[in-house]
Amino acid sequence: MVGILISRLIQAITVMLTVTAIAFLMFRFVGDPVQLMSREDASVEEKEELRARLGLDQPVYVQYARFIGRVVQGDLGMSFRNQREVATLIAEKAPATLELVLIATTLSLLIGIPLGVYSALHPNGVLSRAIQGVSLVGISVPTFVTGILLILVFAVSFRLLPSFGRGQTVDLGWWTTGFLTWSGIKALILPGITLALYSLTLIMRLVRSEMIDILSTDYIRFARARGLPERYIIFRLALRNALLPVITVTGLQVGSLIAFAIVTETVFQWPGLGLLFMQAVIFVDIPVMTSYLLLVGLVFVTINTIVDLLYVVVDPRLRARAA
Amino acid sequence: MKTGTIRRKRLPMPPYVMAAALVGLAIILAAILSPLISPVDPTDNASFNLIDAELPPSWLEGGDPRYLLGTDNQGRDLLSAILYGARISILIGAGAVLLAATIGVSLGLLAGYLGGWVDALVMRIADVFLSLPTILLALLVAGIARAVIPDADSVFWAPIILIAAIGINEWVQYARTVRAATMVEASRDYVRAVRIMGLPMPSILFRHILPNVIGPILVISTINLAAAVLTEATLSFLGVGMPPDYPSLGTLIRIGNEYAFSGIWWITVFPAVTLVSLVLATNITGDWLRDRFNPKLRGSK
Amino acid sequence: MFRNFRLTCTALMMATVAAPLSAEVLRWSSQGDIVTFDPYAHTESFTASVIHHVYEPLVRRSETLSIEPALATSWEIVEPTRWRFTLREGVTFHNGNAFNADDVVTSIERLLHPDARARGNLSTVTGIEKVDDMTVDFLMAGPYPLLLNDLSGIFIMDKEWLEENDAVLPGNITTGVTSFASTNANGTGPFVLDSYQPDVGTIMSANPNWWDTPKHNLTSIEFRPITSDATRVAALLSGELDMIAPVPLQDIARLEASDGFSVIQEPALRLIFLGFNYRDELHAMPGQPNPLKDERVRKALWHAIDHDSLRDKIMRGKSRTVGILVAPPVPGYSAEADVPLPYDPKGAKALLAEAGFADGFSTKLDCPNDRYINDEQICVAVKAFWERIGLTVDLNTESRSTYFPKVDKGETDAYMLGWATLPAMDGFSVLRAILATRDGNSGGNNPNGLSDPRIDELNQLAAVELDEDKRRAMLTEALTIARDKAYFLPLHQQPVAWAIRDGVAVPQFPDEYVRLWFANVN
């Protein structure tokens, strides 16, 4: 157990160090920061002074160490675009994206698991085939097309739901939430569905294939032979085991969803991290790009590690192997 | 329950997969042959005129029989623009898959065959790539390229950057699959024998190990092609894709999207339908191939 | 006396008018967000127009765009290099502080600080002196006819507020200064900033203590930037917005046909034109002589463009084809020079052949894709026109944030530029920034080596000419030379087109500024 924990942590740290190295290289070598940060008519001495102030006259490994030092302290530099601390910007935008991801994850689990179970139980049923077909269409239609269609139908034609933004938000200390107002909840629906479509299909197919797999194991056959009730077999025995990989994938999906929200947020003008990052890419705002990279890397690695450890806790076989 | 038993060892191709495969092949063929079969060359300035901009499809009022699907905002024949656009999309998608497969297969073979620190290194790099979502990594590559290359949006650089941005993501899957297979093969007696005979490593890898992993590689490639075409469209939609004078399907949709409320629906609907059909057909085919090649999903133990 | 009377009037009107009105909110959207609320930390006209609701200049533009007193009530030229301004009494900032000469001095010094991005907006001013509490003197390097025009774009901040919030230094990424003033504001203007969240929105409420009589009936303004054209139009159609500015040209027909919406438009001051590389070689053809230095080649490129199709198809009939680099209301304009070269592809080919390029040549064409109306589409069309007379055009379109630095560095062969002569609204800005040889203060937007001795001479003369008629004649002469030698290729004057829902009344201005202190909502 402890061994697994340590090896997972070492792995996580290695990955994070590599991600910071990529971020550092981007920050340092993509576009000369001195050129980007100084005025057009800055003199050579001014530029040298700035170079020294930024520590760019030091050896590269010293710079890298300092970069990590700053990042650990939460100092992510300043946005070239709107001249504010990147850390502040990210803190402002994170709630919007995280609430969107939360909604999308919830939606995809609530819809994906039942559909997956159903189509595993009736693999050749008409409905299952229809679900399969729709799910294939789901992963084949680009998110931006889905988003625009939803806007056309629900915002413009029926005027039911807002087409952009978060609606009214409520400040809870440093967190702003859209869950506490009616307009905030309405604003979450269309972008939430658009984002959920991406992970919904994945979860549904995963549940289906895991269920099919487990239902054909000897373990289930024995259970059936013993005459255990079908409901018990399906929900207590099979589904429970099938949900293990679903935990992993859902966890891993959170990182993907944060990144994938870039498209959804652009379509719905959702003021989150994705919109921030997209504008940084267009404006070549390197500090924002690197920080976003670090953030998504961190979320991914953290969730990955937690999921792995959960696995060990939940799955007795793995625990036995570790012991 | 009948679940485990009804799944047969050899799945015959169901009609809908057949249909999908045919549609996919038809689009790919039409796209590849677009210089031969499309009514005009939309990149040839003599073939269109701004005066003809935004004509509706030929069967609608105001349509022109010369332009079956109407014209776009520059007066280009939309059908030709879609065919050429599909060609660009497919070339970029295929280029990205090829790049990913080359990197992934080489690293996978090396890691699986050599083991030790090479294996550890490759797998750690794979971990890093796995911890960065596809779309993010693609945007990062595109973003860096824009900062480094002054003409990143030109017709020369844009496809190269797109291929790199999309391709760099997908190699991990290949590497993992090939590495696992290679490890199994490398421990077999015949490979040991060949090794003792002193055959050079490349020869062992390519002649004896690679042929055994071709099946899974093809499956991954088919599914990745669909994903790559979709990613290209998304990048173009976000404004870091192909330039407007050499539009891919994604660029056509991005341009057409600005007309979503103007009544000039054909500019965006036809390219979008083409894109979705292509991706859907590829996905259905890939799905079926995966079920065939992946014994786990067949449910046979 | 008079002032007191007026204040009373204002107070009375406020009392009678404000009471029956319920919350009149104007919700509007544009494609970009403002970059900062710090008036001296940017040089963007859109940002300036939004900030103008909160901050005010010493002199401002009236509803007819003439210059009228604002925070200064009168001014006199003490010496050619010393202008004296008398300040308005009884004005307070939104936080209640009184407005006086110290605020003006601190503001101008903050603007002239080397770290202020906008200090070029007042380049002829060398210093400022306080004469008494309500009088200041501006000191200048030399005689300068356009000081008032420049000052109409310089907003005045509150000295005490800046000091309290440690914001005396302008925000600047070089020095690592994030200024309190970049996200907060305290001006004297008709609206008070309630909240500003980048990419989310800016909310303002009417200033009940404004010194001037409001012509608007708004209680608050909500500004929401929406990047995507389609989403922005959707938000208007779905009733989430009252106004979008600008409206995409392609959606005008649809909006005009819909019940409850209308499109308002008028010609803008902004002219769109193409600039050329005048160095020895083109980036597209290193090692070969630059064909664009030949007047015949430039005229051929002009003749190659079908301006009528460009206007009717891409600009949907909303633009005006032009031959000169300033719009009709701008000093220096001349109707005789405002004649485009006609569309004549054969003549264009003949001119190319005459210049020795019968087989054409290669050139780059660089354009923004998010700055001017339909900029990307225009350039795709121009590329086609040019290729039809035998050129090979390497087109590159990109976001303005990467495009303009590239143009500034002279990394282009042919490039798109739009110029509205803002904030001065005077032809001298074209002469100084675009036509004059790059040297010191001149030629700031002439990065590609254009140099004409007569134009440079006129640039020097017009800069100090205080006789308005003579000065205008000089501007016209320079602009006519530019047209006759085809130094630039003017395309069109672009429209200001906004869409509003019924019940919104808002005046438009050719400078494209949104001035909601003239807006009324029912």
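Every chain is numbered from 1 and lettered A, B, ... according to where its sequence line falls, protein lines coming before strand lines.
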key: L139(B)/M278(A) under side chain to side chain contact (heavy atoms under 4.5 Å, CB included): CA gap, chis, key distance, verdict   = CA-CA 8 Å; L139(B) 279 168; M278(A) 206 46 232; 4.0 Å; yes
Residues F129(B), T18(A); criterion side chain to side chain contact (heavy atoms under 4.5 Å, CB included); working and verdict = CA-CA 10 Å; F129(B) 274 85; T18(A) 322; over 6 Å; no
ask   = Just how far is it from atom CG of N283(B) to atom CD1 of I139(A), taken to the nearest 0.5 Å?
value = 4.0 Å
query = Considering only heavy atoms, which portion of L136(A) lies under 4.5 Å from any heavy atom of chain B: side chain, backbone, both, or neither?
reply = both
inquiry  = Using 0.5 Å steps for rounding, measure from the CD1 atom of I135(B) to the OG1 atom of T143(A).
reply    = 8.0 Å
message = To the closest 0.5 Å, what do you measure between CZ (R124(B)) and CG (L17(A))?
response = 13.5 Å
inquiry  = Can you tell me how far apart CG (L293(A)) and CG (L137(B)) are? Round to the nearest 0.5 Å.
reply    = 8.5 Å
task = Tell me, with the steps shown, if V267(A) and F237(B) meet side chain to side chain contact (heavy atoms under 4.5 Å, CB included).
result = CA-CA 10 Å; V267(A) 173; F237(B) 175 78; 3.8 Å; yes
task = Look up atom OG1 in T14(A) and atom CD1 in I125(B), then write down how far apart they are to the nearest 0.5 Å.
result = 12.0 Å
Heavy-atom contacts under 4.5 Å, residues 162-171 of chain B to chain A = none
ask   = Which answer fits A233(B), side chain, backbone, both or neither, if we ask what part of it has an atom under 4.5 Å from a heavy atom of chain A?
value = both
note = Applying a strict 4.5 Å limit to non-hydrogen atoms, the region of I303(A) in contact with chain B is neither
ask   = Got I253(B) and F144(A) here, is their nearest side-chain heavy-atom distance under 4.5 Å?
value = yes
task = Please look at S256(A) and chain B and tell me whether the side chain, the backbone, both or neither of the residue comes under 4.5 angstrom of a heavy atom of that chain.
result = both
key: Rounded distance (nearest 0.5 Å) linking atom CG of L136(B) with atom CE of M289(A)   = 9.5 Å
query = Considering only heavy atoms, which portion of V299(A) lies under 4.5 Å from any heavy atom of chain B: side chain, backbone, both, or neither?
reply = neither
ask   = Just wondering, are more than 12 heavy atoms of other shown residues or ligands nearer than 6.0 Å to CZ in R176(B)?
value = no
request  = For each of V229(B), V240(B), N257(B), tally heavy-atom pairs with chain A at distances under 4.5 Å, and name the one with the top tally.
outcome  = N257(B)
key: P142(A) and V276(B), any side-chain heavy atoms less than 4.5 Å apart   = yes
query = Is D287(B) close to R205(A) at the side-chain level, that is, under 4.5 Å between some pair of heavy atoms?
reply = yes
